[in-house]
A.B. asks: 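Quick one: the structure is below, questions incoming.
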Amino acid sequence: MIEQTIEKKLDVSRRLEKEMSQLSTVREVLQRSGQVATNVGSILDSFEHRLARLETTILPVYQQTGNLQRRQLNTEKTLQELDYVISFYNVAGQVEGVVKERPSSIGVPQYLQAMDRLAETCKYFEQNNPQSVEIENVTSLFEIGTDALSKEFRHELEKYKKPVPPVVTLELIEEEEVSEELVSGVELVPPGVREDLRAIAAWLDKHNNTDRLTVYAKLRAEALSQSLKALREYQRSNSMERGGTPGSLNSPALPRARMPKLDPGMSRTQKFSDRATGMIKKAITGHASSSRQGSPGNASSYSLHGSLTPSHGVTSGTTGEEGLDDSKVDLYLNQVTALHRLGLAEYLLAQQLVPEDRVTRTFELIIKDPMDQLVADGEGLAGEARRCVGRGDHQAVLGVLAMLRHVTAMQPHYQKLLTNCQTSIRAKFAAIINMLQETCVKALEGFVDSVKSEGERALPRDGTVHELTSNALIFTEQLLEFAHTLSPILQREASLTTAMATLTRGLDSSLLARALLGAYVKRVLVNLGLALVSRSESYSDITLRSIFRLNNYNYILKTLLNSELLNLVSIVEPQCDKMYNDQIMEQKRLYSQSWSRVLHYLVNHEDVPLSVIQAGKLRDKDRQLIKDKFAGFNKEIEEMSKVQRSYSIPDRELRESLKRDNMEYILPKYQAFYDKYVNVPFTKNTEKYIKYTPADVASMVDKFFDVAA
């Protein structure tokens, strides 16, 4: 126990000694650290004093250096400004030689650079030294240069103010779908010149020189008018070279031997010309050029009498007072399309050469005169058509309808082209349509009146189809292809819309157009029927009156059946064909009454009894009665044969059917009469009374309606 206590004390003593030793070491370290801190503080104090002395020495030098640098910068800027100002005083001398030359001789870009320097110099002097003498020199040169640029702009435009070759224009017209890409291919101004003009135009516009826009519009308007004129002259000259006349519808391309080298597409032009002129031929002359002589199935079988049109007829290519010149209509249709195509080309060119905000106004100035000319030409043709209609030549309206159809088809294209133009410009094209529509309205109404009017026309002596009937049906049949064109015109007629009141509402445009035309044709047919009945009353021969009506009714019905006319009329008059068939049957019935005088001798209450004949006990009275019957029959049948051979039934089918009806009607009765008395000894001179056998009578009837028989 004691030992343990002693060991613990010894252990504590050892650790105490150790701790004391460590404490002594720490105190030594603290003493050294304090010494180091004192030394470092002394060093820092010394460094701070040195920095303060350095700042006092360097700062004035730094400030002086900064001042010198600012002075140097100011000096350099002053020198630059002096150089800049001095350069303005030298500009006149430096660019004078360039400005006094033609821009094209030295290059438009270089010339414009010189003009930009002059413009900048003028602006400098005006702002900084307006009293300087140099400003007069600079301003004078600037005005000279500006005038030179304006002249160059005008000169280049005049230089290329050439009409578009007619062949190119015709190829544009031939294209059914026109695009900006296609039209932009027309080289109104060469690309290189176009770049120079664009640069000059931009420079002049930048410097407020707007006179060039008026010049540009005037020159391009002249070029456009010349292109349209060249097209007209080209077609006229080609027509002459083909052996036609200026009034012919043919406007083909030049003969191959005389074909220009620049015209590889002449075949396309030929096809277009044929297509365009063919349309006009069909629209204007149509079937009238053949002067339909006969039935719809066989034109040569009909002979017609009289004329609805003037005595000269309606022929293609007539000029002067003879009718509407078809070639003028052909040319006008081309002019309408050509103006749109070339107008679009001018608009695209203006977009390149004219500032964006002035393109529309400039284009209005370009298109105004050609549009006015187009309106004037349309008015001229419409006026000529009205004069023709006034003289009774209603075929002229077909040319107007062809114009109206084409102009109406072109209207959306013109609306797009003239979208941003003034209302007065856009209204010009609409005015053409309105004018043509008014002309058609008056012409169609005039045609109905001409059919309705009896006039002083002579009737055919042989009862054949009157040309009034033929011309009326030819005219209405030619209207078929203009059904859609006529729709807005016919809708103005209250009588036609009233006739359609019973039709179901909500008709589509196509059916509506057909229904309106059908109503108009019905109106023509009604007036034609009234005119035929009224005029035929002047026949003193009732039989000839029936033949005349029968011929005309049959002709009308066959024409309706063999064309689209019946389908149109049936829309508003479903029983149309039945009505004409009924009229034909009625006229046949009336015609059959012509046999009454012959039948009087064949079927009579006064007759010799059969018993007397069989007994052979004829009295003188009986013999005389038989003689009178045969003599009367012979006289009447001979007279009837003579008269009816002079009648004309040009339709073979109708003629044969009427002969057949005659034979079926008269031969059985005469056969019975003949068989009854042929062997009766009522006279010693048999050949005097029994002149005709039934076969002879049949032969006589077969020669009816044949003047050569």
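The first residue in the sequence is number 1, and the count goes up from there.
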A.B. asks: Measure from the side-chain N and O atoms of Ser470 to the backbone N and O of Glu467, and report whether any donor-acceptor pair falls under 3.5 Å.
C.D. replies: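 The answer is no, because no donor-acceptor pair under 3.5 Å joins these two groups.
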A.B. asks: Is there a side-chain contact between Val336 and Phe429 (heavy atoms, below 4.5 Å)?
C.D. replies: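 Yes, their side chains come closer than 4.5 Å.
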A.B. asks: Between His406 and Thr337, is there a side-chain donor-acceptor contact under 3.5 Å, judged purely by atom types and distance?
C.D. replies: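 Present: a donor and an acceptor within the cut-off.
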A.B. asks: Are any of the side-chain nitrogens in Glu586 or Arg549 under 4.0 Å away from the carboxylate oxygens of its partner?
C.D. replies: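 Judged by the 4.0 Å cut-off on N to carboxylate O distance, Glu586 and Arg549 do not form a salt bridge.
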A.B. asks: Enter the distance from Leu486:CG to Arg405:CZ here, rounded to the nearest 0.5 Å.
C.D. replies: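 Going from the CG atom of Leu486 to the CZ atom of Arg405 covers 10.0 Å.
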A.B. asks: Working to the nearest 0.5 angstrom, can you tell me the gap between Met410 CE and Ile433 CD1?
C.D. replies: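 Rounded to the nearest 0.5 Å, the CE-CD1 separation comes to 11.0 Å.
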A.B. asks: Return the OH to OG distance between Tyr591 and Ser594, rounded to the nearest 0.5 Å.
C.D. replies: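 Tyr591 OH to Ser594 OG: 5.0 Å, rounded to 0.5 Å.
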A.B. asks: Taking the basic N atoms (NZ, or NE/NH1/NH2) and the acidic carboxylate oxygens, is any pair closer than 4.0 Å for Arg492 and Glu438?
C.D. replies: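 Result for this pair is yes, salt bridge flagged.
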A.B. asks: Classify the side-chain pair Arg232/Gln335 by whether it contains a donor and acceptor separated by less than 3.5 Å.
C.D. replies: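 On atom types as modelled, these side chains qualify, holding a pair under 3.5 Å.
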A.B. asks: Taking all non-hydrogen atoms of both residues into account, name the closest pair between Leu401 and Thr485 and its distance.
C.D. replies: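 Smallest interatomic distance, heavy atoms only, reads O-CG2, 4.1 Å.
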A.B. asks: Indicate yes or no: does Glu564 engage Arg514 in a salt bridge with an N to O separation below 4.0 Å.
C.D. replies: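 Yes, Glu564 and Arg514 are salt-bridged.
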A.B. asks: Decide yes or no on salt bridge (Lys or Arg N to Asp or Glu O under 4.0 Å) for Glu364 and Arg426, but give the supporting numbers first.
C.D. replies: CA-CA 10 Å; Glu364 288 175 351; Arg426 298 198 305 271; over 6 Å; no
A.B. asks: Supply the atom-to-atom distance Leu560 CG to Glu477 CD, rounded to the nearest 0.5 angstrom.
C.D. replies: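 It comes to 9.5 Å.
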A.B. asks: Considering non-hydrogen atoms only, spot the tightest contact between Ala402 and Leu333 and give its length.
C.D. replies: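 Nearest heavy atoms, Ala402 then Leu333: O-CD2, 3.8 Å.
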A.B. asks: Taking the side chain as C-beta and beyond, is there a heavy-atom pair between Asn471 and Val451 under 4.5 Å?
C.D. replies: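 Asn471 vs Val451: side chains apart.
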A.B. asks: Is a side-chain donor or acceptor of Lys452 paired with a backbone partner of Asn527 at a separation under 3.5 angstrom?
C.D. replies: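 No, the answer is negative, given that no donor and acceptor are paired below the 3.5 Å cut-off.
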A.B. asks: Can you tell whether the side chains of Glu379 and Arg386 come within less than 4.0 Å, N to carboxylate O?
C.D. replies: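 No, no charged N to carboxylate O under 4.0 Å.
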A.B. asks: Closer than 4.0 angstrom, basic N to acidic O: yes or no for Glu171 and Arg341?
C.D. replies: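 Looking at Glu171 and Arg341, the cut-off is not met.
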A.B. asks: Say whether, by atom type as modelled, one donor and one acceptor occur between the side chain of Asp393 and the main chain of Val389 under 3.5 angstrom.
C.D. replies: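 A pair under 3.5 Å: no.
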A.B. asks: Fit a plane to each ring of Phe475 and His394, take the angle between them on a 0 to 90° scale, and name the class: parallel (under 30°), tilted (30 to 60°) or perpendicular (over 60°).
C.D. replies: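 Geometry flag for His394 against Phe475: perpendicular rings.
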A.B. asks: Is the shortest side-chain heavy-atom distance between Val521 and Leu479 below 4.5 Å?
C.D. replies: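 No, side chains not in contact.
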A.B. asks: Side chains of Leu566 and Leu557: does their closest heavy-atom pair fall under 4.5 Å?
C.D. replies: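 SC-SC contact between Leu566 and Leu557 ruled out.
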A.B. asks: With Ser641, which of Glu639, Gln644, Arg645 fulfils side chain to side chain donor-acceptor pair (under 3.5 Å)?
C.D. replies: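 Checked Glu639, Gln644, Arg645 against Ser641; only one passes side chain to side chain donor-acceptor pair (under 3.5 Å): Arg645.
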A.B. asks: Taking all heavy atoms of Asn552 and all of His466, pick out the closest pair and write down the distance.
C.D. replies: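 So the minimum-distance heavy-atom pair works out to OD1-N, 3.2 Å.
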A.B. asks: Using a 6.0 Å cut-off, check whether atom NZ of Lys229 has over 12 heavy atoms from anything other than its own residue.
C.D. replies: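 Atom NZ in Lys229 is not packed in, count stays at 12 or less.
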A.B. asks: Side-chain contact, heavy-atom cut-off 4.5 Å: Leu658 with Leu550?
C.D. replies: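 Yes, at least one pair of side-chain atoms sits under 4.5 Å.
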A.B. asks: Is the count of non-hydrogen atoms from other residues, nucleotides or ligands lying under 6.0 Å from Ile542 atom CD1 greater than 12?
C.D. replies: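 Atom CD1 in Ile542 is not crowded, with 12 or fewer foreign heavy atoms closer than 6.0 Å.
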A.B. asks: Does any part of the side chain of Val397, heavy atoms only, come nearer than 4.5 Å to the side chain of Thr439, both counted from C-beta?
C.D. replies: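 Thr439 vs Val397: side chains apart.
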A.B. asks: Please verify the inter-ring angle class for Phe705 with Tyr647; under 30° counts as parallel, over 60° as perpendicular, anything in between as tilted.
C.D. replies: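 Phe705 vs Tyr647 ring planes: parallel.
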A.B. asks: Does the side chain of Asn334 come under 3.5 Å of the side chain of Gln235 through a donor N or O and an acceptor N or O?
C.D. replies: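 Asn334 vs Gln235: donor-acceptor pair found between side chains.
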A.B. asks: Main chain of Gln415, side chain of Thr419: is a donor-acceptor contact present, judged purely on distance under 3.5 Å?
C.D. replies: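 Such a contact is found between Thr419 side chain and Gln415 backbone.
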A.B. asks: Mind running side-chain contact (heavy atoms from CB on, under 4.5 Å) on Leu398 and Gln395 for me, showing each step along the way?
C.D. replies: CA-CA 6 Å; Leu398 297 175; Gln395 294 285 340; 3.1 Å; yes
A.B. asks: With a 4.0 Å cut-off, would you call Glu233 and Arg236 a salt bridge?
C.D. replies: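 The answer is yes: the pair qualifies as a salt bridge.
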A.B. asks: So, for Val441 and Ile489, which heavy atoms are closest and what is the spacing to 0.1 Å?
C.D. replies: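 Smallest heavy-atom distance, with atoms named: CG2-CG2, 3.3 Å.
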A.B. asks: Do you know the tightest heavy-atom contact between Ile367 and Gly343?
C.D. replies: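 The pair with the smallest heavy-atom distance is CD1-CA, 4.3 Å.
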A.B. asks: Does a donor on one side chain sit under 3.5 Å from an acceptor on the other, for Ser536 and Arg545?
C.D. replies: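 Checked: Ser536/Arg545 side chains show no N/O donor-acceptor pair below 3.5 Å.
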A.B. asks: Show the numbers, then the answer: is there a side-chain contact (heavy atoms from CB on, under 4.5 Å) between Ile432 and Lys428?
C.D. replies: CA-CA 7 Å; Ile432 298 176; Lys428 292 181 185 296; over 6 Å; no
A.B. asks: Measure the shortest side-chain to side-chain distance between Arg655 and Phe704 over non-hydrogen atoms and say whether it is less than 4.5 angstrom.
C.D. replies: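 No. Closest side-chain heavy atoms not under 4.5 Å.
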A.B. asks: Where do Tyr520 and Leu444 come nearest, in terms of heavy atoms and distance?
C.D. replies: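 What the structure gives for the nearest pair is OH-O, 2.9 Å.
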A.B. asks: Look only at the side chain of Ser563 and the backbone of Thr559, and say whether a donor-acceptor pair between them is shorter than 3.5 Å.
C.D. replies: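 Checked: pair present.
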A.B. asks: Apply side-chain contact (heavy atoms from CB on, under 4.5 Å) to Met579 and Gln583, showing your working.
C.D. replies: CA-CA 6 Å; Met579 292 169 58; Gln583 289 178 339; 5.6 Å; no
A.B. asks: Count the heavy atoms of every other residue, nucleotide or ligand shown that sit under 6.0 Å from NZ of Lys588, and state whether that count exceeds 12.
C.D. replies: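 Check passes, neighbour count above 12.
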A.B. asks: To the closest 0.5 Å, what do you measure between CD1 (Ile584) and CD (Gln587)?
C.D. replies: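 Between atom CD1 of Ile584 and atom CD of Gln587 there are 9.5 Å.
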A.B. asks: Go through the steps for Leu224 and Asp369 under the test side-chain contact (heavy atoms from CB on, under 4.5 Å), then give the verdict.
C.D. replies: CA-CA 9 Å; Leu224 179 55; Asp369 288 345; over 6 Å; no
A.B. asks: Using 0.5 Å steps for rounding, measure from the CG atom of Leu473 to the CD atom of Gln478.
C.D. replies: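 Answer rounded to 0.5 Å: 11.0 Å.
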A.B. asks: Using modelled atom types and a 3.5 Å cut-off, is there a donor and acceptor pairing between side-chain atoms of Asp651 and backbone atoms of Tyr555?
C.D. replies: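 No, the answer is negative, given that no donor and acceptor are paired below the 3.5 Å cut-off.
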A.B. asks: Are any of the side-chain heavy atoms of Tyr553 and Asn581 separated by less than 4.5 Å?
C.D. replies: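 SC-SC contact between Tyr553 and Asn581 ruled out.
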A.B. asks: Will you find, in the side chains of Asn554 and Tyr580, an N or O donor that is under 3.5 Å from an N or O acceptor?
C.D. replies: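 There is no such pair between these side chains.
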